[in-house]
Amino acid sequence: MPHLVVKDVVAGYGSGPDILTGLSLDVEEGKSYCIVGPNGAGKSTLLKAICGLVNIRNGTIDFEGETLLGLRADQVLQRGICFVPQDRSLFPDMTVRENLRMGGYILKDRNEVERRIDEVFEMFPILKERASQHAKTMSGGQQQQLLLGRALVLRPKVVMLDEPSLGLAPKVSKQIFDSMNQLKDAGITIIVVEQNARMGLGYCDWGCVLDLGKLVFEGASRTVLDDPRMAELYLGTRRTGSEK
Amino acid sequence: MTQAIQILIIGLTLGGVFALMASGLTLIFGVMGIVNLAHAAFMVAAAFISFFAYKGLGLDPIASIVLTMPVMFVVGLVVYRLFFARSIDDPKKRSVLVLVTFAMALVIEGTLGFFFSNIYRSTNPPYAYDAFLMGPFYLPKGQFYATLMSALILGALWAMLRFTRLGYAIRATTHNRTAAEVVGVNVDRVSMFVFGIGMALAGASGSMISFLFSFYPGKHWEWVAILLSLVVLGGMGSLLGALIGALSLSVISAFVNSAYGPTWSPVTFYLALFAILLIRPQGLLGKKPEL
């Protein structure tokens, strides 16, 4: 039984047009999902709609049998769904440790937060080395690790990442995706939006292809990657036999 | 040389009070992105509270912060809920909120003028006319006590921002509003508290100016121009920047006052505002706007 169910969701920003135009998606516990699609397909908006950052105009989103509609971002977070935005949304003038503390902001027990930060340090030793350094002084890859670490302080059930490889060197992107797989092995459900479809689908169990605010097709990552409809969506044409 | 040191003492002691005045304005801008043009009008309103508490109850104007700070804090919460809460998250509406603060300043000025008339007032505690003498130098007691109290309040504000849960939330919202939401900060509630704290700081500033300067309802236009120059120089939203801006401009203004007379002293602030906007619009410690 899926533990996150998105059904016929219509959503957009402010009084602007609909970005999601009736999107449905079932997410099963402990699996990793890669959301791909051309620019403007609604990939990032889907993640924002799930975590309460975009107003939903129609449809439903249920998590573990309870609706997420009408909840603020902090209330969605309390249910165990963490969002890592696209724009390296760290707090630049805070230290690495302070950024991690912000990850545990909704927890009341400060000692527990510090214990969980130590766990994050075990997973990402570089963060421990840089604990008292300002986040803005770190490299892109280290900042991405810090974002992942910040999300992990809450021990979430679902982690949603929006283009984690954006602007990173291929080697660093690979490290980020390896870390993501570690989270999946620990039982955390992963939903990742990725422009680099080959890399994203290469790491995830399941691929979901979006276009014009709807789920166009989905399937096991390998089959999605080889599906001719992918080339049509990304290049605007079907691949021919010789092009293959 | 003696005269230069004396001017420096006067400038620095006034600068401490200016820093307190500017802190609320810059804190509100940092979190909400709104230039509160009514900040100085609220300061003048608080000065009236201190004035009447002194005349009616004999309450010392510095001690009257126990009255002005909580009253203005509550006023801030109410004002936020009534005028800002529904518009703050919409960038289109947020850009016109500065006009709401302008209208608010006019309403406060008009209301104070209607009830208390536009005559100059000032509380006159004994220390306002006394000074500490140290060899060839003198230190006006009023300025010294006001700066000491300002330093205490700013120190408490710094500790709150640095060590408390609310402080972390305020700093996070100042850095990146969306990221703060993502980690679970209720940014609407944080904005409301910040507006309240900003107003409480305006309240404390009002208590100080009630005996340092004479005031009347329309005086806030002069003050808000000075405060804007301080926070623009330091960098909008930067508390440390506001402190640096306040101390440096206050000292420069004291020197101008000594050399060319009091008429030219306020010009220092306006020229600084003009120059900083031309040379470094983001101020000394502010973030460069993203293109």
Side-chain angles (χ1 to χ4, degrees), chain A residues 13-16 44 47-48 50-55 71-95 97-110 113 134-136 143 146-147 149-154 156 159-162, chain B residues 26-27 30-31 85-96 158-193 234-241 282-291:
Chain A
Y13 299 90
S15 52
S44 301
L47 301 192
K48 288 177 184 169
I50 293 170
C51 74
L53 289 171
V54 174
N55 283 333
L71 298 185
R72 292 189 310 267
D74 56 307
Q75 293 167 322
V76 174
L77 198 64
Q78 272 165 344
R79 280 156 179 76
I81 300 178
C82 265
F83 176 47
V84 180
Q86 186 184 73
D87 52 358
R88 305 252 166 79
S89 54
L90 291 166
F91 305 113
D93 289 325
M94 286 188 181
T95 64
R97 186 179 282 279
E98 286 176 327
N99 267 280
L100 292 172
R101 280 183 188 144
M102 282 310 298
Y105 176 78
I106 62 170
L107 301 173
K108 297 283 187 287
D109 185 346
R110 282 191 172 199
V113 172
H134 281 151
K136 65 183 174 189
Q143 289 188 7
L146 179 53
L147 277 171
R150 193 177 74 186
L152 291 181
V153 173
L154 275 186
V159 172
M160 303 190 296
L161 301 105
D162 195 358
Chain B
T26 204
L27 193 66
V31 169
R86 278 167 293 177
S87 312
I88 197 74
D89 281 327
D90 188 333
K92 281 182 193 164
K93 289 182 184 168
R94 194 194 298 173
S95 60
V96 297
W158 175 82
M160 186 274 284
L161 291 173
R162 195 96 185 97
F163 301 116
T164 68
R165 194 165 176 268
L166 176 63
Y168 268 81
I170 291 172
R171 287 161 61 204
T173 311
T174 305
H175 288 178
N176 189 329
R177 198 174 175 87
T178 307
E181 269 190 291
V182 164
V183 296
V185 174
N186 183 339
V187 292
D188 177 51
R189 191 176 298 172
V190 167
S191 299
M192 183 178 75
F193 275 113
M236 296 291 286
S238 166
L239 210 55
L240 181 62
Q282 75 269 32
L284 296 175
L285 301 181
K287 281 186 285 187
K288 201 170 184 175
E290 286 172 18
L291 296 175

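A, B, ... follow the sequence lines: proteins, then strands. Residue 1 opens every chain.
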Contact class of [X] relative to chain B, heavy atoms under 4.5 angstrom:
X	value
A:Glu98	both
A:Leu53	side chain
A:Lys136	neither

Donor-acceptor side-chain pairing of A:Ser44 and A:Asp162 below 3.5 angstrom: yes
Sole candidate of A:Leu154, A:Leu107, A:Ile106 that passes side chain to side chain contact (heavy atoms under 4.5 Å, CB included) when paired with A:Gln78: A:Ile106
Side chain / backbone / both / neither for B:Val185 at chain A, heavy atoms under 4.5 Å: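 Interface part for B:Val185: both.
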Side chain to side chain, A:Arg150 and A:Leu90, heavy atoms closer than 4.5 Å: yes
B:Val31 backbone acceptor or donor facing B:Arg177 side chain under 3.5 Å: yes
Residue pair B:Val183, A:Phe91: steps toward the side-chain contact (heavy atoms from CB on, under 4.5 Å) verdict: CA-CA 11 Å; B:Val183 296; A:Phe91 305 113; 4.2 Å; yes
Residue among B:Ala180, B:Ala179, B:Ala169 with most heavy-atom pairs under 4.5 Å to chain A: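 Result: the option with the highest number of such pairs is B:Ala179.
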